[in-house]
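Within every chain, numbering begins at 1; the chains are lettered A, B, ... in the order of the sequence lines, protein sequences first and strands thereafter.
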Protein chains: 2
Amino acid sequence: MPRTGRPREFDRDQAVTAAMLLFWERGFEPASLAQLRAVMGGISPASFYAAFESKEALFREAVQQYISTYGQVSESFRDTSLTSKAAIEQGLRRSARMQTENSHPLGCLLVLSAVNCSPEQQQIRDLLAKEREKVRGWIKDCIERAVANGELPDSADVDMRVTLFETFLRGISIQAQDGVPYEKIDAAITRLMSTWDLMIAQEVQDPMTKAPYL
Amino acid sequence: MPRTGRPREFDRDQAVTAAMLLFWERGFEPASLAQLRAVMGGISPASFYAAFESKEALFREAVQQYISTYGQVSESFRDTSLTSKAAIEQGLRRSARMQTENSHPLGCLLVLSAVNCSPEQQQIRDLLAKEREKVRGWIKDCIERAVANGELPDSADVDMRVTLFETFLRGISIQAQDGVPYEKIDAAITRLMSTWDLMIAQEVQDPMTKAPYL
DNA sequence: GGACTTCTGGAACGACTATTATATAATTAA
DNA sequence: TTAATTATATAATAGTCGTTCCAGAAGTCC
């Protein structure tokens with residue numbers, strides 16, 4: 001907060017929120033500076049660069065804004081007051097519901113906003129990949145906790161389970177963007193969670209049952 | 001094929017293939033015409049527009065090229081010589097293997113190449129959404145066939161099963177792009193397929209077991 | 001040998017991209 | 001009141017975007 005000088009004429013936080021929604025809807029590169037400035041209150045280029053270092057810096061702020069609001073649904077994955085199974089289930093359901101709400105862009109900003117990116121903006125991709133990796137870590141911690149406290153047997157294949165739930169979670173973003181309603185995804189989650197208690201013997205797969213690739 | 005006039009100096013099919021790979025790697029918009037022309041054999045703008053109507057028309061050709069080659073893995077979903085379960089399983093495994101191969105860009109072109117798209121190119125998005133919808137239709141047909149021939153009971157929730165497998169399938173694209181290796185996804189598929197034979201009673205979920213959203 | 005057709009390289013198009021320069025307005029501190 | 005500081009509007013920067021124009025080259029047809 002500057003103590004001296006001409007005061008800013010627009011609400012900085014509000015501007016970041018507006019920018020976050022545009023980044024969410026269009027992605028990093030297709031959200032042009034002119035469009036961003038427009039939704040941020042029609043501010044001038046000079047005002048923009050006085051308040052934000054660059055488009056990339058604004059994006060980083062927007063990502064943090066997303067994480068601290070809509071992205072909070074992922075916190076369920078590390079809610080240790082729940083059983084591991086309940087934490088995973090709640091994380092999936094809350095993610096699905098948030099991503100299919102029509103009060104904001106569909107899908108997850110962390111998954112969708114830099115899929116199509118020039119190699120020059122690899123840093124943007126890395127930034128989001130890092131955040132997705134965090135979520136994967138929480139899911140992994142959650143399942144490891146289940147093994148540690150006996151909720152799952154020692155023989156449980158942790159990595160396989162993490163990949164199973166994470167892959168489905170990522171798929172929700174694509175499905176949400178394609179207009180699949182919450183109810184459908186919710187029902188699929190119920191089915192997916194039924195794998196949790198399957199006999200451990202089934203985790204040791206029979207190679208003969210696997211279909212070959214081409 | 002023109003019978004008269006100066007002959008084309010580059011291989012059109014080869015050019016489409018090169019363009020397809022660039023679209024696959026970068027997406028529709030980030031793949032610039034200059035870069036496309038470069039990988040297409042260093043052809044000039046005039047040569048490009050003489051052979052192709054526009055960037056969009058080239059993309060449509062590239063999509064068809066993808067479908068008729070790499071995209072053939074999805075044909076497993078409508079292979080009626082297999083049981084429905086085997087068809088779904090093989091479709092998932094082949095998709096996962098193809099999308100994680102390092103001899104070409106990662107993930108599925110139909111899922112990833114127009115995620116970040118300006119509203120002006122909605123037609124591009126629609127084109128790909130239509131192709132994804134086709135795959136969903138094949139999965140649905142496959143499961144309906146299972147019900148029709150007694151492989152699954154009449155009470156099986158077809159829509160739920162379709163969404164379950166489709167959401168996982170979409171997630172594979174994101175996971176592949178994030179560098180998750182085939183083996184991990186393959187193991188998760190084995191687990192996912194184990195839901196196939198679950199007791200039908202479990203499909204009628206108890207609302208009390210569902211976690212609320214926030 | 002024209003006439004006709006198609007493809008070629010190269011220059012140019014207007015519209016956009018993110019960013020910066022310049023000058024002025026509005027505030028606080030001394 | 002003056003200096004220092006920060007935000008503002010406006011204009012301009014260099015670069016890229018997809019696309020088009022133009023003159024010439026390289027073929028086929030008569």
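- Each of Thr163(A), Leu164(A), Leu92(A), Val162(A) was checked for a side chain to side chain contact (heavy atoms under 4.5 Å, CB included) with Ile139(A), and the lone residue meeting it is Val162(A).
- The CD atom of Glu120(B) sits 13 Å away from the P atom of dT19(D) (whole-angstrom rounding).
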Collect all protein-nucleotide pairs involving nucleotides 24-29 of chain D in which both atoms are nitrogen or oxygen and the distance is under 3.5 Å.
| residue | atom | partner | partner atom | Å |
| --- | --- | --- | --- | --- |
| dA25(D) | N3 | Arg6(B) | NH1 | 3.4 |
| dG27(D) | N2 | Thr4(B) | OG1 | 3.3 |
| dT28(D) | O3' | Arg3(B) | O | 3.3 |
| dC29(D) | OP1 | Arg3(B) | NH2 | 3.2 |

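- Positionally, the nearest nucleotide of DNA chain C for Ala50(B) lies more toward the 5' end than for the other of Glu56(A) and Ala50(B).
- In this structure, CG of Leu33(B) is placed 12 Å from C1' of dT16(D), rounded to the nearest angstrom.
- Using a 4.5 Å cut-off on side-chain heavy atoms (C-beta onward), Lys184(A) and Met160(B) make no contact.
- Rounded to whole Å, atom P of dA18(C) lies 13 Å from atom CD1 of Ile43(A).
- Among the nucleotides dT8(C), dT8(D), dT19(C), the one closest to any side-chain atom of Phe10(B) is dT8(C).
- Proximity note for Ala46(B) (side chain, C-beta onward) versus dG9(C), dT20(C), dA9(D): the nearest is dG9(C).
- Considering only side-chain N and O atoms, Ser47(A) lies under 4.0 angstrom from the phosphate OP1 or OP2 of dA9(D).
- The nearest whole Å value for the distance from the CD atom in Glu53(A) to the P atom in dT19(C) is 9 Å.
- Side-chain contact of Gln35(B) with Ser32(B): a donor-acceptor pair under 3.5 Å is present, judged by distance alone.
- For the 3.5 Å distance criterion, the side chains of Ser118(B) and Glu29(B) qualify, holding a donor opposite an acceptor.
- The aromatic rings of Phe23(A) and Phe59(A) sit perpendicular, their planes meeting at an angle over 60°, well past the 30° parallel limit.
- Taking atom CZ of residue Arg26(B) and atom C1' of nucleotide dC17(D), one finds them 15 Å apart after rounding to whole Å.
- Between the P atom of dT8(C) and the CZ atom of Arg12(B) lies a distance of 12 Å, rounded to the nearest Å.
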Could you walk me through whether Arg132(A) and Arg170(A) pass the side chain to side chain contact (heavy atoms under 4.5 Å, CB included) check? CA-CA 9 Å; Arg132(A) 289 194 296 271; Arg170(A) 301 307 181 219; 3.4 Å; yes
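- Within 4.0 Å (heavy atoms only), Ser32(B) reaches sugar-phosphate atoms of the nucleic acid but no base atom.
- Of the N and O atoms on the side chains of Arg93(A) and Thr190(A), at least one donor lies less than 3.5 Å from an acceptor on the other residue.
- A straight line from CZ of Phe48(A) to P of dT6(D) spans 19 Å, rounded to a whole angstrom.
- The residue Phe52(A) sits apart from the nucleic acid: no heavy atom pair falls under 4.0 Å.
- In this structure, Gln35(A) atom CD and dA15(C) atom P are separated by 17 Å, rounded to whole Å.
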